[in-house]
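Have a look at the structure below before the remarks.
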Amino acid sequence: MGSIAERLAEVRERACLSYRRAVGQPGELHIVCVTKTQPLPRILEAIDAGVTEIGENYLQEAIRKDVFALRESREVTVRYIGRLQSNKYNTILRVFDAVDSAGPEFLERLHGTQDRGAQRARTFLLEVNAGEESQKGGLTMPQIREFAAADAPWLHEVSGLMAVVPLQATMQMRAAIYQSVSILFHELASDLGSSHVTLLSMGTSDDFELAIEHGSNMIRVGTGIFGPRSPSQV
Ligand SMILES: *Cc1c(COP(=O)(O)O)cnc(C)c1O
């Protein structure tokens with residue numbers, strides 16, 4: 001299957017090719033390396049192979065592995081992409097650089113915070129439950145449009161959207177979903193200011209090329225870089 005460096009190079013090549021084809025001009029494509037269940041030495045291997053952004057799903061796991069200490073010796077951004085619980089908001093804001101899975105409650109609390117001196121996180125994406133799955137976090141697209149129509153003040157905290165799609169969705173379904181999220185993203189960018197709303201996180205190992213074709217400029221790749229996650233590591 002190749003080494004982490006080889007797989008990363010392949011992901012990057014495929015992603016950049018799709019991005020150039022989709023965008024047709026230079027721009028910034030973010031490749032977030034999803035490091036849940038991966039031990040620190042493997043994460044370091046990915047960083048040394050060129051990863052500059054990692055994504056973690058669980059606060060406890062990220063603390064236990066001490067991924068944050070990587071920033072002392074490496075140029076790396078640590079993004080939170082997991083479920084948010086209100087009793088962990090403050091810790092997450094203090095240790096992560098970005099929160100991509102933000103919801104209204106989190107953003108409202110953030111918006112009401114005057115003194116942000118203790119916060120490290122500066123970039124926030126609103127999570128979109130694009131397949132309207134009841135068990136998943138994130139707002140549906142109609143819900144986001146309602147908040148935008150009501151001019152919810154906390155929306156001004158967001159720099160973009162992170163879409164999650166149903167695991168079992170076919171490529172055809174995903175294409176339709178990504179297209180819809182992309183339209184919503186452009187609506188928000190024009191409502192809130194296109195210089196603030198710039199990041200569209202869509203696409204994982206299975207479908208990042210498809211997501212990029214439909215406007216993604218941030219992909220989240222775990223297995224595509226590390227190989228399959230073993231369930232015992234979770
Ligand atoms: C685990 C995870 C990913 C990565 O999925 P892969 O299939 O391993 O690429 C991406 N986004 C989120 C939110 C995840 O939880």
Side-chain angles (χ1 to χ4, degrees), residues 1-2 4 6-15 18-19 29-39 42-43 45-47 49-62 65 67 77-85 88 92 96-103 106 121 123-133 135-140 158-171 173-174 177-178 181 185 199-212 214-234:
M1 261 199 94
I4 289 173
E6 282 164 352
R7 280 190 297 248
L8 174 66
E10 197 210 311
V11 166
R12 175 173 291 135
E13 194 179 312
R14 282 167 50 201
S18 299
Y19 190 71
L29 172 67
H30 298 256
I31 300 177
V32 179
C33 175
V34 176
T35 50
K36 63 176 168 231
T37 78
Q38 302 299 334
R42 285 171 68 77
I43 301 174
E45 206 176 320
I47 292 172
V51 159
T52 56
E53 296 181 80
I54 65 170
E56 284 280 345
N57 287 67
Y58 306 98
L59 174 65
Q60 292 317 321
E61 181 189 334
K65 296 192 298 200
V67 292
T77 299
V78 186
R79 315 186 72 96
Y80 189 73
I81 61 168
R83 281 286 186 101
L84 286 163
Q85 291 165 285
K88 310 234 172 93
I92 285 171
F96 284 88
D97 300 292
V99 179
D100 296 345
S101 46
F106 174 87
T123 307
F124 307 97
L125 305 186
L126 181 60
E127 182 175 346
V128 191
N129 181 353
E132 311 204 353
E133 296 168 278
Q135 76 282 14
K136 281 213 179 128
L139 293 175
T140 65
V158 308
S159 298
L161 300 174
M162 176 180 92
V164 289
V165 300
L167 270 180
Q168 71 282 7
T170 62
M171 285 299 151
M173 286 160 73
R174 288 171 193 231
I177 290 173
Y178 288 144
V181 178
F185 171 73
L199 296 171
L200 182 54
S201 173
M202 312 194 288
T204 61
S205 299
D206 288 341
D207 64 3
F208 63 82
E209 286 157 306
L210 185 71
I212 292 168
H214 290 92
S216 169
N217 57 20
M218 178 176 272
I219 59 174
R220 310 182 304 272
V221 182
T223 45
I225 295 171
F226 294 112
R229 282 182 288 275
S230 80
S232 62
Q233 287 177 314
V234 177

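Atoms within a ligand are numbered from 1 in the order they appear, just like the ligands themselves. Basis for what follows: all heavy atoms, side chains included, without hydrogens, waters or symmetry-related copies.
- You'll find the side chain of V181 stays beyond 4.5 Å of the side chain of S216, heavy atoms only.
- A donor-acceptor pair is defined here as one N or O able to donate and one able to accept, closer than 3.5 Å; no such pair exists between the side chain of R174 and the backbone of V165.
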Please tabulate, line by line, the atom pairs linking an N/O of ligand 1 to a protein N/O at a distance below 3.5 Å, with the distance in Å to 0.1, or answer 'none'.
from     : atom 1 : to   : atom 2 : distance (Å)
ligand 1 : 8 (O)  : T223 : N      : 2.9
ligand 1 : 8 (O)  : T223 : OG1    : 3.2
ligand 1 : 8 (O)  : R229 : NH1    : 2.8
ligand 1 : 8 (O)  : R229 : NH2    : 3.2
ligand 1 : 9 (O)  : S205 : N      : 3.1
ligand 1 : 9 (O)  : S205 : OG     : 2.4
ligand 1 : 9 (O)  : G222 : N      : 2.9
ligand 1 : 11 (N) : R220 : NE     : 2.9
ligand 1 : 15 (O) : K36  : NZ     : 2.6
ligand 1 : 15 (O) : N57  : ND2    : 2.7

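- K65 is linked by a side chain to side chain donor-acceptor pair (under 3.5 Å) to E56, E61, counting only residues two or more places apart in sequence or in another chain.
- With hydrogens and angles disregarded, a donor-acceptor distance shorter than 3.5 Å links the side chain of S101 to the backbone of G82.
- Every residue meeting the ring pair (Phe, Tyr, Trp, His ring centres under 6.0 Å) condition with Y80, not counting sequence neighbours, appears here in chain and number order: F96.
- Under the rule for a salt bridge (Lys or Arg N to Asp or Glu O under 4.0 Å), the partners of E53 that lie at least two apart in sequence or sit in another chain are R79.
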